[in-house]
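Let me begin by presenting the structure, written as structure tokens, before commenting on it.
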Amino acid sequence: METKTKVDLTSFRMETRKWLEDNCPNSMREPLTDVKQLYWGGRNGNYFSEDQKIWFERMLEKKWIVPYWETKYGGGGLTPKQNNILNQEMARLGCRKPHINFGISMLGPALLKFASEEQKIHYLNQICKGEIRWVQGYSEPNAGSDLANLQTKAEDKGDHFLVTGSKVWTSFGDKGDWIFCLVRTDTSSKHTGVSFLLIDMASKGVSTRPIKLISGKSPFTETFFDAVKVPKKNLVGTLNDGWTIAKYLLTHERQMIGGIGETDKKKPLSEIAKEVLGKNNGSLSDISIRNKISELEMNEKIFELTIQRAMDEHKAGNNPGAVSSFFKYYGTELGIQKEELRLEVNGFNSTEWTSEESNNGREARLFCRSKGYSIEGGTHEIQLNIIAKRVLGLPSK
Amino acid sequence: MALVINEEQQMLKSSTKEFLDLKSPLTLMRELRDDNYNQFKVELWTEMVEMGWTSLTIPEKYNGLNFGFVGLGQVLEEIGRKLTVSPIISTVLMSTSLISLSKNEVLKNKLFQEIMNGSKLCALAHEEGRHHNPELINSLVSKNEDHFILNGKKKFVIDGSISDYLIVSAKHEDEKNIALVLIDRKSDGINLNNKVHMDSKIYSDISFENVKIDKMNFLSTDNDGSIILNKTLDIARVGLAAEMLGNVQEAFEITMKYIKEREQFGVKIGSFQALQHRSALMFGEIELCKSIVLRALQAIDSNDSELPKFASLAKAKLGLVSKLITNEAVQMHGGIGVTDDVDIGFFLKKTRVADRILGDSNYHLDRLAKLNNY
């Protein structure tokens, strides 16, 4: 039996490898140089190139937009082992992801766990075709770290909810088709008066306004709801039990954000420093910067090992829950330290804001952007609270 | 290789913990200190030998257990938790590792048997300066008719005062090759100046004046002294990091227990966010330490060419984290933390000495930069 499975997996690998080699256009095997090269899909989805369109359509036909979901939901129905093989083979060729969508990474897992069968079939199939670009509506002007204090209310009007309020920090809110939201359905209690609602952003009364960040860019918007009618069937899970879904989803979000620091596979800071500062008797001429780089690179390496250890613990059947609660904090912290140190290494050039040579102030803007890492997706302080309470069991009084 | 310990290693760790809970509680360290800095409790060492701890890393061909360094690391971690006083660092971690790398089969067979049956203790005498320095060797061996003689001064020799043998690093007279020689500590011309350090352990400054060495007692050949020495130092750094990992985990756990019990202002002090956030950070730092220590131990067992890098990562990280944890541990205990009545200060004093041994975090961050060519 076991041997047969092994044989099957080997032939799956061979077939997958051949299919990818035959079908993935060459330009889709190049590393990304700009986030604009990602295909986000949706009603107004724009392809960056003809090759991108071909790549998306071929993967769609193969049902490999979300290869690991069940086929009845539009997925490829691959087993975890097959999916690993597909990932490995894509990585081997350097294939880009054909489609990026918060529907896949965030809403999907929540729907799979909490939605009705009818909802799953409808929404998951849409996601697998890249038809809807999903965005997230959680935070509000007065509900940041204290998320459960949210005030956007959804009143029961018989056959529909009437939604009034506003959301803030919606990533790419101006480009979204649908938004998954936390709304207040009971004002008499805090955590147990929240529900999880799906809203079509084309509905009357929905509008967005970009938020300009200190980096000068606007990846986030505010989203306003002015008496928006939302059908009752758009409620996911039980009325007033949306907090359970929210917590589940936040865990996914934190795992994603925790990776910010380690996705930077560009030139190591020590290499840049060698070019900029030069060496003196074999070591970087600025000893103070040299020590800081050495410590940062030590911690980056050890963090990488720790993520690996958590995965290996998981594979070995042990629960890595405790250690992974630290990943969002530490991954973003290293990213922040790195941007700070990058400015120190690059000197006068590092703060250029508009020049062509600086690529429109790329480093300075990245630095400014990094200040949000320790805030979005649960601040550093909230992360530490969670560890203190849930992992260390420290008392509340 | 998966970054987890296997079942056998887990069992070794559990049995070590059980044994030490019973035979070497924290109170033992205090008792030995109060017994005029006693460095060696014979009955405890005999039992450790019977448990096979001195055979763990010795290959089967010499009748050892061949359990590897991931295994020894688990033992050292548990020893670190209990601040157990024993010659395991000097005899097993340092000397046995060095002897394993030697090509002198006659001497190797003899020493391994003596170490495995617990009849002899052995210490490495290398340091000569104020700070750790693998290259600073002014001690000299010179040929004299049918034998050799050694002259020089060594510092900070761990367990020098209780060892039967000393393994000494020295330069050959031509001042090129490094020689590693085995000497009976009671030989003529050896003078010890024993110094008690902050961790209640004794470190010896040792002078050698025309000490006679039999030509059979060289652990190095003409050209492998430097290789053997440097590899031994890396192995020992990793083992020390494993012991320090035990030190910080225990200090952290004792502290968490304390702040969950201690009340001020009518509440448990562990409810204060000022302490909670610092505690959460310490938790995370310890998790990072676990990963690098295990990876470095695996690097020894798999003969990884990147061992120097992993050894420095481990020793640098543990040096820094042990400072953070033990400082916070004392601070969170408040006034009682700086009294000799509680044990928490022992961890502070232990790790400060451990940081110095074979290179502190400054040394290893510098070495990492060099290894990465900047």
Side-chain angles (χ1 to χ4, degrees), chain A residues 268-274 277 279 282-285 287 289-299 301-318 320 322-327 329-330 333 380-381 383-397, chain B residues 1-7 10 252-253 255-256 259-261 263 265-273 275-296 298 309-310 312-314 316-317 320-321 361-362 364-374:
Chain A
L269 217 41
S270 52
E271 290 298 313
I272 300 170
K274 268 194 269 184
L277 299 165
K279 292 213 258 185
S283 45
L284 274 185
S285 58
I287 294 301
I289 286 183
R290 178 174 179 265
N291 290 346
K292 287 184 192 174
I293 293 176
S294 185
E295 187 167 349
L296 180 66
E297 291 191 349
M298 168 189 77
N299 284 325
K301 178 70 196 168
I302 296 177
F303 184 50
E304 199 183 300
L305 288 170
T306 305
I307 292 172
Q308 190 201 328
R309 183 166 67 84
M311 291 193 301
D312 290 344
E313 293 272 8
H314 182 70
K315 276 186 212 153
N318 308 330
V323 52
S324 57
S325 65
F326 186 57
F327 290 171
Y329 174 93
Y330 202 70
E333 179 58 29
H380 266 19
E381 290 72 18
Q383 301 305 321
L384 297 178
N385 281 348
I386 291 173
I387 296 171
K389 291 204 168 68
R390 296 198 202 146
V391 180
L392 301 176
L394 290 171
S396 54
K397 59 185 179 189
Chain B
M1 200 188 305
L3 214 47
V4 286
I5 57 172
N6 66 29
E7 214 168 313
Q10 183 59 53
F252 180 64
E253 285 165 24
T255 305
M256 289 303 100
I259 69 171
K260 285 176 189 176
E261 285 166 1
E263 288 191 13
F265 306 103
V267 293
K268 304 277 192 282
I269 63 170
S271 67
F272 298 140
Q273 205 172 41
L275 300 196
Q276 290 191 343
H277 284 184
R278 280 148 60 196
S279 302
L281 280 176
M282 287 194 273
F283 159 80
E285 290 290 344
I286 291 175
E287 290 299 319
L288 296 169
C289 289
K290 288 179 187 171
S291 314
I292 184 57
V293 167
L294 180 55
R295 182 63 187 86
Q298 288 180 344
K309 199 177 86 186
F310 286 118
S312 277
L313 283 168
K317 186 67 181 171
L320 290 166
V321 173
S361 47
N362 298 319
H364 287 289
L365 285 172
D366 175 70
R367 183 171 182 241
L368 281 167
K370 280 188 188 128
L371 288 169
N372 289 316
N373 195 29
Y374 64 88

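Chain identifiers are assigned alphabetically (A, B, ...) following the order of the sequence lines, protein sequences preceding nucleic acid strands; residue numbering begins at 1 within each chain.
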Chain B heavy atoms under 4.5 Å from A/Ala273: which part of the residue, side chain, backbone, both or neither? neither
Intermediate values then yes/no, side-chain contact (heavy atoms from CB on, under 4.5 Å), A/Arg290 and B/Lys370: CA-CA 10 Å; A/Arg290 178 174 179 265; B/Lys370 280 188 188 128; 3.7 Å; yes
Part of A/Lys389 lying under 4.5 Å from any heavy atom of chain B: side chain
Tell me yes or no: between the side chains of B/Gln273 and A/Asn385, is some donor less than 3.5 Å from an acceptor? yes
What I'd like to find out is whether the side chain of A/Leu384 reaches to under 4.5 Å of the side chain of B/Gln276, using heavy atoms alone. no
Which bit of A/Ser396 is near chain B, if near means a heavy-atom gap under 4.5 Å: side chain, backbone, both or neither? backbone
A side-chain contact here means heavy atoms from C-beta on lying under 4.5 Å apart; do B/Leu365 and A/Met298 qualify? yes
Side chain, backbone, both or neither: which part of A/Ile293 has an atom under 4.5 Å from a heavy atom of chain B? both
What part of B/Ile269 gets within 4.5 angstrom of chain A, counting heavy atoms only: side chain, backbone, both, or neither? neither
In the structure I gave you, are the side-chain heavy atoms of B/Asn372 and A/Glu271 within less than 4.5 Å of one another anywhere? no
Within the structure provided, determine whether B/Glu287 and A/Arg309 are in side-chain contact (heavy-atom separation under 4.5 Å). yes
Engaged part of A/Gln383 at the chain B interface, taking heavy atoms whose separation is under 4.5 Å: neither
Would you say A/Ser294 and B/Tyr374 make side-chain contact, with heavy atoms under 4.5 Å? yes
Using side-chain heavy atoms (C-beta onward) and a distance below 4.5 Å, is A/Leu394 in contact with B/Ser271? no
Residue selection (most heavy-atom pairs with chain A, distance under 4.5 Å) from B/Phe272, B/Phe265, B/Phe310, B/Phe283: B/Phe283
